[in-house]
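Structure first, then comments.
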Amino acid sequence: QVQLVESGGGLVQAGGSLRLSCAASERTVSTYSMGWFRQAPGKEREFVAAISWNGGTTYYADAVKGRFTISRDNVKNTVYLQMNSLKLEDTAVYSCAASRLGAATISVRQYNYWGQGTQVTVSS
């Protein structure tokens, strides 16, 4: 069973930056695509970013395009989400997910494994 553990969340002022990490328990994840999703209070979970197994393809939600960057290190079995120019509306619990599909996907139903999430709070 693949386990995913997120870290790097916290409290940051608007305009600041954070880098989230998601460490996987098994090396097989290096063949999986990975994604980040977020859920704000009272809202549905939404797609943030995705990356293919080799990092060659990435997708971003329009709301974060140009501000967030997803990357991965398959030697460390870790995926990252660099978040810059943070806005109040970026406040949410951020979760990483792994899909046995090698191709990047934005569809939540195509992800097989999920982390517990890490809180990101952006203050004014």
**Item:** Hydrophobic cluster identity match, Leu18 and Val79, side-chain contacts under 4.5 Å
**Value:** yes
**Co-membership, hydrophobic cluster, residues Tyr80 and Tyr32, 4.5 Å side-chain** = no
**Asked** Roughly how far, to the nearest 0.5 Å, is the OG atom of Ser123 from the CG atom of Leu11?
**Response** 4.5 Å
**Message:** Please check if the number of heavy atoms outside Gln39 that lie under 6.0 Å from its CD is greater than 12.
**Reply:** yes
**Prompt:** Can you tell me if NZ on Lys43 sees more than 12 non-hydrogen neighbours from other groups inside 6.0 Å?
**Reply:** no
**Asked** Centres of the Phe47 and Tyr59 rings: under 6.0 Å?
**Response** no
**Item:** Heavy-atom check, side chain of Gln119 versus side chain of Thr91, under 4.5 Å
**Value:** yes
**Request:** Could you tell me whether the side chain of Leu20 reaches within less than 4.5 Å of the side chain of Glu6, counting heavy atoms only?
**Result:** no
**Pairwise distance CZ(Arg72) to OG1(Thr58) - rounded to 0.5 angstrom** = 12.0 Å
**Request:** Calculate, to the nearest 0.5 Å, the distance between atoms CG and CD belonging to Asn112 and Gln1 respectively.
**Result:** 10.0 Å
**Message:** Can you confirm whether more than 12 heavy atoms, excluding those of Glu89, are under 6.0 Å from its CD atom?
**Reply:** yes
**Prompt:** Do the non-hydrogen side-chain atoms of Val120 and Met83 ever get within less than 4.5 Å of each other?
**Reply:** yes
**Asked** Which atom pair, heavy atoms only, marks the closest approach of Ser52 to Ala104?
**Response** N-CB, 3.6 Å
**Message:** Counting C-beta onward and ignoring hydrogens, is there a side-chain heavy-atom pair between Asn77 and Arg27 closer than 4.5 Å?
**Reply:** yes
**Asked** Would you call the rings of Trp114 and Phe37 parallel, tilted or perpendicular if under 30° counts as parallel and over 60° as perpendicular?
**Response** tilted
**Item:** Neighbour count >12 (heavy atoms, 6.0 Å) for atom CD, Gln116
**Value:** no
**Asked** When you look at CD1 of Ile106, are more than 12 heavy atoms from neighbouring residues, nucleotides or ligands closer to it than 6.0 Å?
**Response** no
**Item:** Linked, directly or transitively: Val64 and Val12 (ILVMFWY side chains, under 4.5 Å)
**Value:** yes
**Prompt:** Got a donor-acceptor contact below 3.5 angstrom from the Tyr111 side chain to the Cys96 backbone?
**Reply:** no
**Message:** Quick check against the 3.5 Å criterion: does Ser33 have a side-chain atom that pairs as donor or acceptor with the backbone of Leu101?
**Reply:** yes
**Request:** Determine, using the 4.5 Å side-chain heavy-atom cutoff (strictly less than), whether Leu88 and Val48 are members of one ILVMFWY cluster.
**Result:** yes
**Asked** Of all heavy-atom pairs between Asn84 and Ser17, which one has the smallest distance, and what is that distance?
**Response** OD1-OG, 2.9 Å
**Atom pair CD/OG of Gln13 and Ser124 - distance to nearest 0.5 Å** = 8.5 Å
**Message:** Restricting to non-hydrogen atoms, name the atom on Val29 and the atom on Ala24 that form the minimum distance, rounded to 0.1 Å.
**Reply:** CG2-CB, 3.7 Å
**Asked** When rounded to the nearest 0.5 angstrom, what is the spacing between CG in Asp90 and CZ in Phe68?
**Response** 4.0 Å
**Message:** Using a strict threshold of under 4.0 Å (side-chain N to carboxylate O), is an ion pair present between Lys65 and Asp62?
**Reply:** yes
**Request:** Spell out, as yes or no, whether a donor-acceptor pair under 3.5 Å connects the side chain of Tyr60 to the backbone of Ile70.
**Result:** yes
**Co-membership, hydrophobic cluster, residues Tyr94 and Val122, 4.5 Å side-chain** = yes
**Message:** Can you tell me how far apart CG (Asn74) and CG (Asn54) are? Round to the nearest 0.5 Å.
**Reply:** 8.0 Å
